[in-house]
Amino acid sequence: MYDLAFVRGNLPLLEERLSLRGVDSSLLDGFSSLDAERRSAITEAETLKAQRNALSAEFGRMKREGAETTAIAAKTLALKEKTEQLEAVAVEADQKLRSLLESLPNLPHESVPAGASEQENFCEKTWGEIPSFDFPAKPHWEIGEHLGILDFERAAKISGARFVLQLGSGARLERALANFMLDLHTREHGYVEVLPPSLVNSRSLFGTGQLPKFAEDLFHCDDKGPYVAGEFQENDHWLIPTAEVPVTNIFRDEIIDLSNGSISFTAWTPCFRSEAGSHGKDTRGMIRQHQFQKVELVKFTRPEDSYAEHEALTRHAEAVLERLGLPYRRMLLCAGDMGFSSAKTYDLEVWLPGQQTYREISSCSNFEGFQARRANIRYRPAGARKAEFVHTLNGSGLAIGRTYLAILENYQQADGSVRIPGALQPYMNGETVITRQSLGRAL
RNA sequence: GGAGAGAUGGCCGAGUGGCUUAAGGCGCACGCUUGGAAAGCGUGUAUACCGCAAGGUAUCCAGGGUUCGAAUCCCUGUCUCUCCGCCA
């Protein structure tokens, strides 16, 4: 969300930059008249209120002196009525203005290329060697089912489409990945581990920008009744689509201390996505699930530090891929392909031999003050009286499900077994290869 | 789920209808004092919005209501605490 005064002073700039993102600039057409309407109603209403307040004080004085007060009481009542009408006008204009501002996506940073779709993303670098196999590389679902570590059919029976059941060494591999990533980020990259709630209220989802526009992508619990569009409660429940939501909202409505630099959190959580609108996309395997796990990186920074921190955070995510020996490339997203709240985003894409393509495994974004304004997260700049909005950043470090399938595909062997990357072996009780699971009578 | 108590500024805490944006204390900042420090003394210390400005408006958990006037009275909700019940 933008600052009202900023929009007022920079309308042409906004229209131009938002058009880079494919935002219809007519959205801003109503701004000026709404703004003027709101301001004049407020000014008038407040003038009347000041008069009423003065009359009330006068009333008190007269009452104490025993004077006649019916005339003055009638006067204030008349003023009250007028004031209430004006206030209603002000509130309506204010709400319209606010929902207009809330619906605008963030401005792309100068370094972000123009473009409408992922076709125009820019590849900044590639890392690692694409493995070649002397046998036909299989997709992960075939590998996993053959090994007996992935069971999509039973997951469908239990829960429906887009769920998976992981078993034996396959379940342990998921846990090993989480521990490996958390240890790397906390021990070597300076992040503080947090374990946040997996259910959040709608105020939190507003703060990070998922609500009100993207409600259909989320799972909503109706224990407090249905979601009313645009109403942000502190007592309703949604399943988190990413740890970004609870972790960024840790400091909602707070003034935090950044005098010693940024605050960095890492969190391992389940993530839940309805995947509405992606019917028929990635239906096989565990690329696109309703539930997956992710280790997330979140930073709160001073504005002047955020772009350096964005590079650092992206490197922290890349380090995971490099330690695991997974080939990847870094894409700088063009304006049209970025998320709603982001000013600049790098996607990391991992090579999947089974599908002969790169797929997104991490998304690292700088939101500048966009989320901080929605969530009201501020800090006091050194020597300044007034608190300013912080910059927030986050990135996957990494999506565990996708890392998992990348390992299956990149480390597969001719006999169907899968080698375990060295960095992961200490987390796998010394296992070095996953072979066809003997799960005894379990299945 | 049942019963009760509570929510006031960065923190503690007073305040049951006008003289309360809110006493007092702590903390913090600045100044005086001092060889220097502590103590002491003095001054200052919320946010948002409207206004060219002077200034004004709003905010004592949130939302409604009563009243000429609400931190204060009434209703609803949220959260916290205590006890009971249930429970991983």
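Since this is a predicted model, take the numbers as computed values, not measurements. Note on naming: letters A, B, ... go to the chains in the order of the sequence lines (proteins, then strands), and numbering restarts at 1 for each one.
Counting all heavy atoms, side chain and backbone alike, A:C334 lies closest to A:A116 at SG-N, 4.1 Å.
Taking atom P on both B:rG15 and B:rC83, the two are 27 Å apart, rounded to the nearest angstrom. With P as the reference atom, B:rG17 and B:rG25 are 25 Å apart, rounded to whole Å. Distance noted for atom C1' between B:rA48 and B:rU33: 40 Å (whole Å). The separation of B:rG56 from B:rA5, taken at their P atoms, amounts to 41 Å, rounded to a whole angstrom. Across the P atoms, B:rU67 and B:rG2 are found 33 Å apart, a figure rounded to whole Å. With both ends at atom P, the span from B:rG27 to B:rA39 equals 8 Å, rounded to whole Å. Taking the C1' atom of each, B:rA14 and B:rA62 are spaced 24 Å apart, rounded to whole Å. Comparing the C1' positions of B:rC73 and B:rC84 gives a spacing of 32 Å, expressed to the nearest Å.
Residue pairs meeting the ring-ring contact (aromatic ring centres under 6.0 Å, His included) criterion with at least one member in residues 150-170 of chain A, sequence neighbours excluded, are A:F163-A:H290. Residue pairs that meet the ring-ring contact (aromatic ring centres under 6.0 Å, His included) test with at least one member in residues 23-51 of chain A, sequence neighbours left out, do not exist here. Under the ring-ring contact (aromatic ring centres under 6.0 Å, His included) criterion, the residue pairs touching residues 361-392 of chain A are A:F340-A:F370, with sequence neighbours excluded. Every pair passing ring-ring contact (aromatic ring centres under 6.0 Å, His included) that includes a residue from residues 63-113 of chain A is listed here, sequence neighbours excluded: A:H109-A:Y307.
As rounded to whole Å, 16 Å separates atom P of B:rA54 from atom CD of A:E46. When rounded to the nearest whole Å, the span between NE2 of A:H237 and P of B:rU78 equals 11 Å. Distance A:D236 CG to B:rA62 C1': 15 Å, rounded to the nearest Å. Rounded to whole angstrom, the span from the CZ atom of A:R38 across to the C1' atom of B:rC49 amounts to 7 Å. One can place CG of A:N201 at 14 Å from C1' of B:rA62, the figure rounded to the nearest angstrom. Distance, A:Q233 CD to B:rU78 P: 10 Å, rounded to whole Å. Protein atom CZ of A:F59 is 12 Å distant from nucleotide atom C1' of B:rG17, rounded to whole Å. To the nearest angstrom, C1' of B:rC28 lies 14 Å from CG of A:D257.
Taking the ring centre of A:Y2 as origin, the terminal cationic atom of A:R373 falls outside the region bounded by 6.0 Å and 45° from the ring axis.
Near RNA chain B, meaning a heavy atom under 4.0 Å away, the residues from residues 77-102 of chain A are A:L77, A:K80. Near RNA chain B, meaning a heavy atom under 4.0 Å from it, residues 48-58 of chain A has A:K49, A:A50, A:R52, A:N53, A:S56 in order of number.
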Donor-acceptor list for residues 397-408 of chain A side chains, cut-off 3.5 Å, not counting sequence neighbours:
from   : atom 1 : to     : atom 2 : distance (Å)
A:R402 : NE     : A:I287 : O      : 3.0
A:R402 : NH1    : A:E360 : O      : 2.8
A:R402 : NH2    : A:I287 : O      : 3.0
A:T403 : OG1    : A:A399 : O      : 2.6
A:Y404 : OH     : A:G170 : O      : 2.9

Tabulate below the donor-acceptor pairs under 3.5 Å that side-chain atoms of residues 78-90 of chain A make, not counting sequence neighbours, or state none.
from  : atom 1 : to    : atom 2 : distance (Å)
A:T83 : OG1    : A:L79 : O      : 2.6
A:E87 : OE2    : A:K49 : NZ     : 2.5

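Just one residue in the list A:D151, A:L150, A:I149 forms a side chain to side chain contact (heavy atoms under 4.5 Å, CB included) with A:V164, and that residue is A:L150.
Under the 4.0 Å criterion applied to side-chain N and carboxylate O atoms, A:R288 and A:E275 are assigned as salt-bridge partners. The existence of a salt bridge linking A:E311 and A:R315 is excluded, since no basic side-chain nitrogen approaches an acidic carboxylate oxygen closer than 4.0 Å.
Backbone-only engagement by A:R8 is indicated by non-hydrogen atom pairs under 4.0 Å involving sugar-phosphate atoms exclusively.
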(message) Please evaluate residues A:L101 and A:M1 with respect to the criterion side chain to side chain contact (heavy atoms under 4.5 Å, CB included), reporting the C-alpha separation (whole Å), side-chain torsions for both, the decisive distance (0.1 Å), and the verdict.
(response) CA-CA 6 Å; A:L101 289 184; A:M1 192 163 73; 4.3 Å; yes

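In this structure A:F59 satisfies the ring-ring contact (aromatic ring centres under 6.0 Å, His included) test with no other residue, sequence neighbours excluded.
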Could you go over nucleotides 19-21 of chain B and give all protein N or O partners under 3.5 Å, atom names and distances?
none

Would you list the protein and nucleotides 46-48 of chain B atom pairs, both N or O, that sit under 3.5 Å from each other?
from   : atom 1 : to     : atom 2 : distance (Å)
B:rA48 : OP1    : A:K386 : NZ     : 3.0

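Under the 6.0 Å cut-off for aromatic ring centres, A:F219 and A:F272 do not qualify, their centroids lying 6.0 Å or more apart.
Using modelled atom types, one side-chain atom of A:Q371 and one backbone atom of A:T208 make a donor-acceptor pair closer than 3.5 Å. Remark: side-chain polar atoms of A:N10 are not paired, donor with acceptor, to backbone N or O of A:L13 under 3.5 angstrom. Side chain of A:S262 to main chain of A:L258: no donor-acceptor pair is present (N/O by atom type, distance under 3.5 Å, no hydrogens or angles).
Relative ring orientation between A:Y346 and A:H310 is described as parallel, the plane-to-plane angle staying below 30° on a 0-90° scale split at 30° and 60°.
Each of A:S40 and A:A73 lies near RNA chain B, and the nucleotide nearest A:S40 is the one positioned closer to the 5' end. With the nearest nucleotide of RNA chain B identified for both A:K224 and A:I42, A:I42 has the one nearer the 5' end.
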(request) Dot-bracket notation for RNA chain B is requested: 5' to 3', Watson-Crick or G-U wobble pairs only, both distances under 3.5 Å, with ( ), [ ], | and . as defined. (result) ((((((((.[[[..)..(.....]]]((((((.......))))))(((((....))))).[[[[[..)....]]]]])))))))....

